[in-house]
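As the structure lists them, so they are numbered: ligands from 1, and atoms in each ligand from 1.
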Amino acid sequence: MAAWAGLGYYARARNLLKCARAIVTDHSGIFPNDHAILLKLPGIGPYTAAAVSSIAFDQPYTVLDGNVERVMSRLYRVETPLPAAKPELTELAAALTPKQRPGDYAQAVMDLGATICTPKSPACGICPWMTYCDGRKAGDHADFPKKTPKAPKPTRHGIAYIGRRADGAWLMERRPDKGLLGGMLGWPGAEWGDIAKEAAPVKADWQVLPGEVRHTFTHFHLILHLRYADLPQDCPGLFITKHKFSASDLPTVMRKAFTMAHPHLPH
Ligand code: SF4
């Protein structure tokens with residue numbers, strides 16, 4: 001997991017590893033080609049199961065990614081906005097999926113969306129579906145897919161406690177496997193919320209450091225305040241020795257906190 005630090009999508013990384021292990025232990029190392037079994041593997045949901053069944057095993061399953069959604073919504077002028085339109089778009093896409101070479105078909109539609117039926121300026125003149133496309137006939141294809149306006153992202157606040165022992169080891173915490181930054185190392189602190197809660201992990205002379213870390217996750221903005229304390233050698237907690245500690249092994253927000261705090265730490 002340290003090698004994945006900073007890349008985001010930590011749940012996917014953990015599931016990828018779990019899935020590889022499940023294939024080795026439960027399927028003798030052979031990737032299953034049964035759609036129902038695929039759906040039981042860690043990290044494989046309906047989209048991935050359909051993509052693997054279709055593209056890897058040439059089975060007639062319907063793959064609906066953002067590109068395919070756009071193509072279907074324009075072909076049929078689907079008025080329902082996304083994401084509510086997904087079941088309708090899946091049905092339309094399924095009706096077009098052929099029994100022969102469904103894998104090639106799935107990739108062709110995704111490529112059509114990625115290269116011809118592009119979001120801003122679709123090249124209808126070279127599209128193989130130009131004579132069937134309701135959106136093109138009506139001249140309003142660029143208005144599709146319809147989308148539900150996104151709610152603005154909320155801002156959460158938190159405090160990161162950066163503590164160091166006299167031997168240079170850092171006090172850290174491993175985040176729970178489930179949830180944001182799951183399984184990754186980070187600076188201790190209370191759960192992020194509407195206000196920054198003081199929740200020092202151990203009793204110490206925590207100093208307020210200048211500056212605040214700003215970071216944006218998929219669903220919210222985060223403002224993180226920083227505290228620092230020298231900790232006694234017998235302090236309880238998870239310590240990472242100075243030889244093992246590398247800021248680049250931390251998720252981006254935790255690395256940003258360290259980078260901002262570092263110039264203000266006693267040397
Ligand atoms: S004709 Fe134009 S709008 Fe319709 S599917 Fe093709 S590229 Fe998209």
Side-chain angles (χ1 to χ4, degrees), residues 7-13 15-16 19 31-154 216-221:
L7 298 176
Y9 300 104
Y10 301 109
R12 286 188 196 183
N15 279 330
L16 198 61
C19 184
F31 206 94
N33 64 0
D34 182 306
H35 184 259
I37 294 175
L38 283 175
L39 278 169
K40 288 186 187 146
L41 287 171
I44 297 197
Y47 168 75
T48 310
V52 171
S53 300
S54 159
I55 296 168
F57 301 118
D58 212 22
Q59 296 167 1
Y61 284 92
T62 302
V63 188
L64 193 81
D65 69 354
N67 289 314
V68 181
E69 282 172 359
R70 187 167 54 256
V71 174
M72 292 303 135
S73 69
R74 289 174 175 173
L75 269 180
Y76 298 104
R77 295 184 75 245
V78 174
E79 291 288 348
T80 316
L82 282 168
K86 276 175 192 278
E88 192 177 345
L89 295 171
T90 305
E91 237 173 74
L92 292 168
L96 289 177
T97 302
K99 293 267 180 294
Q100 284 185 338
R101 297 174 59 198
D104 288 344
Y105 169 79
Q107 290 186 80
V109 185
M110 284 192 271
D111 283 350
L112 180 79
T115 61
I116 293 176
C117 194
T118 53
K120 291 217 168 105
S121 46
C124 301
I126 56 166
C127 176
W129 275 337
M130 100 178 144
T131 50
Y132 311 103
C133 178
D134 289 347
R136 183 180 184 256
K137 280 187 233 164
D140 58 1
H141 46 277
D143 298 341
F144 295 89
K146 306 278 185 194
K147 286 184 183 157
T148 308
K150 277 188 190 156
K153 283 185 190 187
T216 295
F217 291 97
T218 314
H219 300 297
F220 65 95
H221 303 293

(request) Tell me yes or no: between the side chains of Asn67 and Arg70, is some donor less than 3.5 Å from an acceptor? (result)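 Yes.
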Among all protein heavy atoms, pick the one closest to [atom] and tell me residue, atom and distance.
atom                    : answer
atom 3 (S) of ligand 1  : His141 CB, 3.6 Å
atom 6 (Fe) of ligand 1 : Cys127 SG, 2.4 Å
atom 2 (Fe) of ligand 1 : Cys124 SG, 2.4 Å

Does [atom1] in [X] sit with more than 12 non-hydrogen atoms of other residues, nucleotides or ligands closer than 6.0 Å?
X      : atom1 : result
Glu91  : CD    : no
Lys137 : NZ    : yes
Lys153 : NZ    : yes

(message) If the cut-off is 2.8 Å, does any N/O/S atom of Cys133 fall short of it from atom 4 (Fe) of ligand 1?
(response) yes
(request) Starting at SG of Cys124, measure out to CZ of Arg74 and round the result to the nearest 0.5 Å. (result) 7.5 Å
(message) As an exercise, identify every atom of ligand 1 less than 4.0 angstrom from a heavy atom of Met130.
(response) 1 (S)
(request) Decide, counting backbone as well as side-chain atoms, whether Cys117 has an N, O or S atom less than 2.8 Å from atom 8 (Fe) of ligand 1. (result) yes
